[in-house]
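Read the structure below first, then the notes.
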Amino acid sequence: MLVSLTRSFSTLEGASQLDSLTEEFLNKIQVQDAVVTISYQGKTETLRMISPGIYASANTLQTDFGTYTLYAHDPQTGEKITAASVMQPQVRFVRVEPDIVYADGEVGQTSATPSAMIRRCGTGI
Amino acid sequence: MRHCFGHFLFTVSCILLPAAWSSSACAQNFTLSGSITDALSGEMIIGATLYDQPSGQGTATNTYGFYSLTLPAGEYIFTVRSLGYQALTDTVRLRENGVRDFRLSPAAVQLQEVVVSQAEDQAEEDVTSPRMGMTRIPLRLLASVPAIGGEADVVKLVQLMPGVVQGVEGSTGMFVRGGDGDQNLILLDEAVVYNVSHLFGFFSVFNPETLKNVTLHKGSFPASYGGRLSSVLDIRMKEGNNRKFTAEGGIGLLSSRVTVQGPIIKDRFSFMIAGRRTYVDQAAKAAGRTVPYYFYDLNAKANFRISDKDRLFYSTYFGNDVLAIATTRRDSSRGTDNVLDFGFTSGNYTNTLRWNHIHSQKLFSNISLIQTHFRYNVQGQFAGSALLAQSSISDAGLRADYSWYRNTGNLTGFGGSVVRHAFRPNLVNTSGNITEFFVSQSGKLLSTLESALYFLQERQFDSPFRLNYGLRLSMARVRAKNYFGIEPRLAVSYALPGKQALKLGFSRMKQYMHLLSSSSFSLPTDLWYPVTDSIRPQTADQVAVGYNRRFEKFKTIFTAEVYYKRMQNLIEYRPGAQLLLNNNYADELITGRGNAYGLELLLQKNAGRLSGWVSYTLSRARRQFAQLNEGKPYFARYDRRHNVALVGSFDLSQGITFSATWVFLSGARFTPPVGQYIIPNTGLSGVDVLPVYTARNSVKLPSSHRLDVNLIIRRRPGRKWSGEWHLGAYNVYNRAQPFRIDVAKDKNGNYQYQASGLFGFIPSVAYNFKF
């Protein structure tokens, strides 16, 4: 399980322009060294920070329609938050058919930048 | 001998039994009926009054110029009046049932005393009538009241009335007593007009020169009206001059118009044809530029008097908005040019065929066949792909209304209607690469049958009480589902000494269709949808208390009304709704409830050199949906707390009129983003920035106010044709009327909040003429 923990910021910070998301700005909003836990089915697991603002747990079982409660505590500011959510079932893919579409319309040109579409087939969500 | 003795007994009984006079053969009642028309044009006059001053008995003409008055036998001196006409006095000896038509001559010179006396009877009727929430729109001010771009617009005039809130600045959206924009029934000669807007809602489809009478109902609805929750705007077109040919029109900065009318058979068969078109596109073309947009309207009417008892009317409206963009984009990677063709057309047409029949002097009927159609097309072609999307709604219906004038002060009305609505949303045809994203679909045809029966009674008692009550039974059938509505209506007035009255009213209204709109602007992609198995009819109950007083010395009427409205089964979009080309729209809708209450004050003067009104509305409107705003109540989008309008027109001389409008509106409500946060994107290759919003509609835009002015300079009267210059200015002191909040960079590169308005100072000049 991956959890991203960041602080919100004012609309006047102007970061809706992605090029204004400087490293300095990201360091300011990403919560580092927080205590992050996930609770489910009577168990509580602590997530480990794997990069600034990103916390992960490799052992958290994902149970369809199970309720997961997140708790985070930032020791620098003393802020605490909790949130709960219900795990949705995994999307079942019957078949994957990638369509490779080259930007220049030609096939095989190495300068082209391919983009792929994965078409979801069969039953799913 | 027996005959003489019988005559002797009859005479003695008349002398000795005065108490029995009213029921005896000596005081037999007779009915006088007829029509009141314009002496020059033959137009029937709506709401003209006919009063015998000594007895105070009288009546007013109905929507078709017909009146009926039952009085005891005797001699009466009737004064016939209507605003804008010279009063007519006539002596009538009523000895038997009879027909008397009256022809009123227009007041050539609007002398203060003449116009004032003409308005008195209308004012008297408005003060003592039980009807509340009814406003007669003063069309004589329509030409003089300032308008954006100099384009006189009846909907903009209606928006200056208390209880009516404007949506986006300059738009024709109307939000009446806390209701939504689709809760207004707008009728043009009894045909419903589904889209009343041109140019994304900035002008209405109603050519001002074709209009004869406009009435707005906001409450105490007569049982003859139904189908919408919040208001009825009943617009009647002129019938056509059946005495002589006339032509009139106007040339403005944005559009020009011309109206021609005249007799085909004098006094019997007349016509009216009117057209209007914008020409900015043509003017730009002549200057070598491109403005890819225009709109036009056509109105036509024919009026045939078959006999003294039968009259046939046909009226039609046809209008369109057209946007057509053609441009070429260079594909540099391929070295080719791609042509982009994009456009839309949207428009209405309506047809009404009406038959008026006078069954007897007391029974009048109107039977109407009505058709209306609204559709839009969006088409585009680019780089080998093509898309055509169409949606439409069509109505075909029959309506019958009967008025039984039982006796003076006792009117019974009854009738019914049946309408078939055919909705065809989202008909899509695609070809080329775009078929990957938009699949052709035929668009489900939805058909509903909406019908109603009604009964109403208007009673004037010998006491100060007047009572209007009625019942409307409505029904809508969609697929195999039937919805029924029982809609009681009640209005009471109690006349107090000194030309004042207290009033009380209650109405229940049902609405069986709704408008899906994804924008604050009127877009061609706004769609009307019917109720379904899961989407129930909307319902509103409204109670109102009112007070009216006429100040004779100042010839003004003061009106105060307090209302409370409760609404059920209101419709909204669920969070994240996808409406574009979605045939399963019902899945995207949620239902909830709302309420609204307010105080409306109006001081109105419709006669004299200075005329106009001052209005103030204090109102509040809230909504509650389980799936929105965490189920908590929130303010409606157009909950605009204070609404002030000062409208004045002053005749400086016979040839010059100055008018001004000042409006103040509290800001509308909206849901701004107040923060942002980042999340990793789905490819984990970067981040996305997402907004954090406030509670729904919890923030109010800044209040707005503006001043508009207009100066009319007329040619000297007496020549074969008349003309007048209109010199106007919208938003004289150039204040922004905020309609949204943006985040923008200032000159230092810092971000700041910025309230955007649409229109600043706009001067205008226009010339109107009449032959």
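Side-chain atoms are counted along with the backbone in the values below, which use heavy atoms only and exclude waters and symmetry mates. Predicted, not measured: the structure shown is a model, and the values here were computed from it.
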Step through the shown structure and confirm whether more than 12 heavy atoms of other residues, nucleotides or ligands are within 6.0 Å of CZ on B:Arg593.
no

Find the distance between OG (A:Ser4) and CD1 (B:Ile678) and round it off to the nearest 0.5 Å.
6.0 Å

Are any of the side-chain heavy atoms of A:Phe9 and B:Val692 separated by less than 4.5 Å?
no

Within residues 697-704 of chain B, contacts to chain A at heavy-atom distances under 4.5 Å involve none

At under 4.5 Å between heavy atoms, what parts of residues 74-87 of chain A are in contact with chain B? List them by residue number.
none

Does B:Arg536 CZ have over 12 foreign heavy atoms under 6.0 Å away?
no

Pairs where residues 678-697 of chain B contributes a residue and the test ring-ring contact (aromatic ring centres under 6.0 Å, His included) is met, not counting sequence neighbours:
none

Would you mind reporting whether B:Pro673 and A:Thr11 have side-chain heavy atoms less than 4.5 Å apart?
yes

Inspect the surroundings of CZ in B:Arg479 and state if more than 12 heavy atoms from other residues, nucleotides or ligands are less than 6.0 Å away.
no

Side chains of B:Tyr677 and A:Ile29: does their closest heavy-atom pair fall under 4.5 Å?
no

Residues 38-64 of chain A vs chain B, non-hydrogen distance cutoff under 4.5 Å, contacting residues -> A:Ile54

Is there a donor-acceptor pair closer than 3.5 Å between any side-chain N or O of B:Gln676 and the backbone N or O of A:Ser10?
yes

